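For this chain, numbers begin at 1 and follow the sequence in order. Here the structure is a predicted model, which is why all the values come from computation and not from measurement.
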Amino acid sequence: MASQDRHHAPLTPGIIRGLSDKLYDKRKNSALEIERIVKSMASAQDPTGIRKILTILQDDFAFSSNANFRKGGLIGLAAIAIALGQFPDSIATFLPELAPPVLGCFTDVDARVRYYACEAMYNISKVARLEVLSFFNRLFVGLYKLTSDPDPSVKNGAELLDRLIKDIVNEDSGAIDMETFLPLVQDRVYSQDPNNRMFIVSWIQVLEAMPDLNMIVYLPTLLEGLFQILSDPNLEIRRMCEALLGEFLRKVDSPRVANFQSMVRIVLRFCISNDRITKLMAISWLHNFTSIGKEQMRPYMSEILGAVLPAVSYSVDAKLRELASATNDNLMELIRRSDPATLVQSSEPPLGKEGNAEPDEFNIASMIIVLTLQLLHDSVATRMASLRWFDLLHSRVPRVIGQHVDEFVPALLKVLSDPSEKVVAYALKVMATLSRVDKTESDSELTEVADTFFNRIMGDILKVFKDDRELFEQRGSFIVRRFATFIDADKILRKLATVLEKEEDFQFAGLMVQMLNLILLTAPELFTLRQRLKNMKTKESQSFFQVLFTAWCHSPVSTYALCLLAQQYEHCCRLLQRFSELEISVTFLVEVDKLIQLLESPVFTFLRLQLLEPQRYAYLVKALYGLLMLIPQSAAYQTLKNRLDCIPTIVLSLELLKDQELQLFQASTKDIDFDNLLAHFDTMQALHAQAKVDGRTAKKKPTPPE
């Protein structure tokens, strides 16, 4: 017993018994005795005695297998620290022996031991202040674990210690070795535990707020984890993280202060988050990057567009929608300001790269893939934004866009059936843009590319109409008329007529011609074209008439109407003779009814006025009377008859005017071979008749037994 007492000297047996007692008050009293003894030794400058007490408390208590002994050891170590607080130089000397056993008890199996470890470390840190930061990394790791401790008292103790350490760190951030500390944060920022997440965010907030510490440099290694924390269900954690990311964003004000390249791709992944706050924050970061990064954003434009374009239509959050639109505008402005030569050069992958663009290149091919996908997005705003991009890219790099038409034209054609007429109209504008060359350009290669595209798109539109009859009936006229506002109507009708002339689906060809004929006769935007056809004074207008006539032969009534518009009244009479040989179907009579209604419209005002001179326009009178004789006595018949009944009275009045002999009107058509056109009409109608016969025969054939 005596030898054991000597082993614990200078601690008395009473102190030893008190420290190991299960009652807190007895351990507290022993700790006070230890504090008194250590103060005395420090005053006497007896470091050997102090170290002996430290050794006893470490070996016999803090490292003991008995929980009460460990509790006594922790309170005793705290007492030593408090005693040394009056001797500033001494605490730094003994801290390497004081702190480790306490830190070791942070992971003790007994919750009360862990609590007393927090309490002891609090007292040690309060005395040591900046000196304790030599153990900062171990403290951080220990506190990280304790913040998620299942015991409430341990968590409370850890929170008190954590606040104290943060206060100490604020006194001198330079005492932290960021090179060794940052990996600890980086490894733990991905934790799913809400308490750990709050702990990590709070520490990053502390470091970020320090004026002499540039956390932006370390941000790329933390950004992904912070964005993950932002979607935490805990509202307080979300607010803390949102405030922290917002503060970082405010400080990222120049490409020189941050590594944009490493952060852009991280942010992009969170732009498609289902969490509204996370998506908003990610778009905010992208907007900031595109505002200040400019040229550095070129390699990431396709990825940014893929994230931003769907968000321009985000209906839940107006702020998010505005930020997405502003980001999109930043990218468009970047393209407008870029030299087209650099865009073309960077869009061509270097040799040996097998078509893969370098990280610092502007890859238009990948942008087109993204834009094509966005053309099929559910939202009108997104589809419109994508169409504007096609328009912009073609204005800057038409050759490059021309190389990729096969990739996006099918999607453009699908847009023609879009429920929004605004989207359809802009899609047609894009098609028109691709079909023409700016007047300032004199590049024959660009002209050839544009002409090739125009010929292709006209054929494609006809095929879409043919395959989708509902679209043709509901939107066909709108599409052709709107397209004619962007491209010369003469060019459009010429091309459509050329394709339709060879169309083997006669029913579709007939319907298409009827639609085009109605557009030609009524569309305000085709007024100039109608004037050219009425006069037919130039070879171009006569050539145009012949091209239309060969296609219009798919519809006899449309052909007749075309000749009326072109004032080819004699030819109308010859056509009427052919009509008597055709099958007069209900469809045919309906077309005639529509034509008679059109004769009363403003477009044929000139024709009605010509009836005032029946001698001069004898063929016109005959053509109209022939039309009257062709139809049954219906409302349309009565309309036309009422108009023609006015002629005899006018003729009588004209007899009184014999001051000059009126010449029979003859349109200037010397270069048109009407006999050949009539032969073509006969051939086309024969083909139509045979197609009808074949169709009826096919319907009558019995279905073979299975």
Nearest atoms (heavy-atom pairs only) where [X] meets [Y]:
| X | Y | answer |
| --- | --- | --- |
| Ile492 | Met458 | CG2-SD, 4.1 Å |
| Trp552 | Ser558 | CD1-O, 3.3 Å |
| Ile479 | Leu428 | O-CD1, 3.5 Å |
| Gly476 | Phe465 | CA-CZ, 3.7 Å |
| Phe606 | Leu565 | CZ-O, 3.9 Å |
| Lys495 | Phe454 | CB-CE2, 3.7 Å |

What residues form a side chain to side chain donor-acceptor pair (under 3.5 Å) with Thr538, not counting sequence neighbours? Ser541

With sequence neighbours left out, write down each residue that passes side chain to side chain donor-acceptor pair (under 3.5 Å) with Arg532, or none if nothing qualifies. Asp490

Donor-acceptor pairs under 3.5 angstrom involving side-chain atoms of residues 584-592: please list them, not counting sequence neighbours.
residue	atom	partner	partner atom	Å
Ser585	OG	Phe588	N	3.2
Glu591	OE1	Ser555	OG	2.9
Glu591	OE2	Gln514	NE2	3.0

Test item: side-chain donor near acceptor, Gln638 and Asn642, under 3.5 Å: yes

Hey, does the Lys NZ or Arg CZ of Arg494 hover above the aromatic six-ring of Phe544, less than 6.0 Å from the centre and inside 45° of the axis? no

Using the six-membered ring of Phe472, assess whether NZ or CZ of Lys466 lies under 6.0 Å from its centre and within 45 degrees of the ring axis. no

Which of Arg396, Lys429, Arg336 passes salt bridge (Lys or Arg N to Asp or Glu O under 4.0 Å) with Asp391? Answer is Lys429

Straight-line distance of Gln374 CD to Met367 CE, nearest 0.5 Å: 11.5 Å

If only atom types and distance count, is the side chain of Arg475 paired as donor or acceptor with the main-chain N or O of Asp418 below 3.5 Å? yes

Using the ring of each side chain (for Trp, its six-membered ring), is Phe506 parallel, tilted or perpendicular to His554, with breaks at 30° and 60°? tilted

For side-chain hydrogen bond (donor to acceptor under 3.5 Å, both in side chains), just list the numbers for Gln610 and Tyr569, CA-CA rounded to whole Å, side-chain angles, deciding distance to a tenth of an Å, and then say yes or no. CA-CA 11 Å; Gln610 288 171 352; Tyr569 304 133; 2.4 Å; yes

Please determine whether ring pair (Phe, Tyr, Trp, His ring centres under 6.0 Å) holds for the pair His571 and Phe549, giving the CA-CA distance in whole Å, both sets of side-chain angles, and the decisive distance to 0.1 Å. CA-CA 12 Å; His571 197 57; Phe549 188 98; 5.3 Å; yes

